[in-house]
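Scroll down for the structure; my scribbles are underneath it.
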2 protein chains.
Amino acid sequence: MSSIFGNRLKKLRGLKNIPQRKVASFLDVDAATYCKFENGDRKARREQVTLLAVFFSINEKELLQLWSADKVYEILVEEEDAKEILSVVAEKISNYCNKR
Amino acid sequence: MSSIFGNRLKKLRGLKNIPQRKVASFLDVDAATYCKFENGDRKARREQVTLLAVFFSINEKELLQLWSADKVYEILVEEEDAKEILSVVAEKISNYCNKR
DNA sequence: TTCGACTTGACAACATTTGTCAAGATTAAA
DNA sequence: TTTAATCTTGACAAATGTTGTCAAGTCGAA
C-alpha cells in the first residue's frame, strides 16, 4: 500500500528525525492518521498537504505533485490501458483553452 | 462543463438518432441523469459505462478510456503543473511491479 | 399554442472518506 | 527479558461527497 507521497513524508521525517506524533500534532490529527499517510493507507486532504510542506519547510508544489500523482495512479490501476488513458488526458490538457 | 466521455455519448446517440429517454431507460435511470452524463455534469458509474458500450454496440474499452481520462483530468485541472504530474505518474506506472 | 426533447437546481438516499480509539506489533535501551 | 516509546492496524461514528429523482423550467418544430 505504499505511495509516492507517503514515502516522501517518511524520508522528510527521517531527516528531521522526529516521531510521527509531532507531525500529527502539527496537523492536528491523531498520530494514527498521520501514520496512515506515510504508509499510503489514507490520503491526506489538500489543506494537509500545505501544512506538511510548511512543517517540513519544502516547496508546496513538489509535495502537491506527488499527492496528485498518487490520486491519478489510483484511478489508472483500476484500468488495464493506463498508458493509453494517459495519452488521452495529455491531449485534453493541450486543448485546455479550446471549447467545443 | 463538457467532458470527453459525454461528448462521445452525444455523438453515438446522434448516430442512432434516438432520444436521451431511451438510453436512460436502458440504464434504468431518470432521463435527467443521462442528460447530465452527456453534458459532463455528472459522472457515470463504472457499471453504467459497460451498459452504455452494450447499448451503443461499441468496444467497452474505448468508452472506459474516455471515462477514466475524464476522472484523471478532473484531478489535474485542480493543479497548475498538470504535465509534471503526468510524468510522475507515467514513471510510477513503469515501475508497476517494483516494491520498495 | 402545444408537444416532445432537453436542461437545471434542490433534495433525500446512499456511499465514501476522515479521524479517533483501542489493541496489537515493533524497536531500542537497560 | 522487561520496559517504554513508537509505529501499525481494524473497527467505528461523524463528516463529506455522490447518485438519482422530481419539479420546474427552456428550446424548437409543427
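To find a chain, count down the sequence lines: A is the first, B the second, and so on, and within it residues start at 1.
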* In whole angstrom, what separates A/D30's CG from D/dA13's C1'? -> 14 Å

* salt bridge (Lys or Arg N to Asp or Glu O under 4.0 Å) between A/R46 and B/E79, worked out -> CA-CA 11 Å; A/R46 175 57 236 251; B/E79 310 301 335; 3.7 Å; yes

* Looking only at N and O atoms, is any donor in the side chain of B/K36 or the base of D/dT19 less than 3.5 Å from an acceptor on the other one? -> no

* Any chance you could lay out the salt bridge (Lys or Arg N to Asp or Glu O under 4.0 Å) test for B/E74 and B/K43, step after step, and finish with the verdict? => CA-CA 11 Å; B/E74 196 178 53; B/K43 266 174 300 176; 3.3 Å; yes

* Asked: Does B/Q48 make a side-chain N or O approach to OP1 or OP2 of D/dT19 shorter than 4.0 Å?
  -> no

* Residue A/K43, side-chain heavy atoms: nucleotide from C/dT18, D/dC7, C/dT8 that is nearest -> C/dT18

* Could you tell me whether B/K71 sits above the aromatic face of B/F5, with NZ or CZ closer than 6.0 angstrom to the six-membered ring centre and within 45 degrees of the axis? => no

* Could you state the CZ-P distance from A/F26 to C/dG19, rounded to the nearest angstrom? -> 15 Å

* To do: Provide, to the nearest angstrom, the distance between the CD atom belonging to B/E38 and the P atom belonging to C/dA5.
  => 14 Å

* **Contact under 4.0 Å: B/R13 side-chain N or O vs C/dA5 OP1/OP2** => no

* Structure fact -> note: A/W67, atom CH2; C/dT17, atom C1'; distance rounded to Å ~ 13 Å

* Asked: A/R42 has a side chain; which of C/dA10, C/dT18, D/dT8 sits nearest to it?
  -> C/dT18

* To do: Nearest whole angstrom, please: distance from the P of C/dG9 to the CG of B/N39.
  => 11 Å

* To do: Using a cut-off of strictly less than 4.0 Å, decide whether A/Q20 has a side-chain nitrogen or oxygen near OP1 or OP2 of D/dA5.
  => no

* Minimum-distance nucleotide (side-chain atoms of B/F37 versus D/dT21, C/dC6, D/dG20) -> D/dG20

* Please report the C-alpha distance between A/Y34 and A/L52 in whole Å, then the side-chain angles of each, then the deciding distance to 0.1 Å, and finally whether the side chain to side chain contact (heavy atoms under 4.5 Å, CB included) criterion is met. => CA-CA 11 Å; A/Y34 176 74; A/L52 286 164; 4.0 Å; yes

* To do: Carefully, step by step, assess A/Y73 and B/V88 under the rule side chain to side chain contact (heavy atoms under 4.5 Å, CB included).
  => CA-CA 9 Å; A/Y73 182 76; B/V88 174; over 6 Å; no

* Structure fact -> Separation of C/dT17 atom C1' from A/K71 atom NZ, nearest Å, is 12 Å

* **Length of the CD1-P vector between A/I18 and D/dC7, whole Å** => 9 Å

* C/dT20 P sits how many Å from A/D41 CG, rounded? -> 16 Å

* Structure fact -> When A/E74 and A/A32 are each assigned the nearest nucleotide of DNA chain C, the 5'-most assignment goes to A/E74

* Asked: The side chain of A/R45 lies closest to which of these nucleotides: D/dG20, C/dA22, C/dG19?
  -> C/dG19

* Structure fact -> Side-chain contact check for A/R21: nearest option of D/dT9, C/dT8, D/dA5 is D/dA5

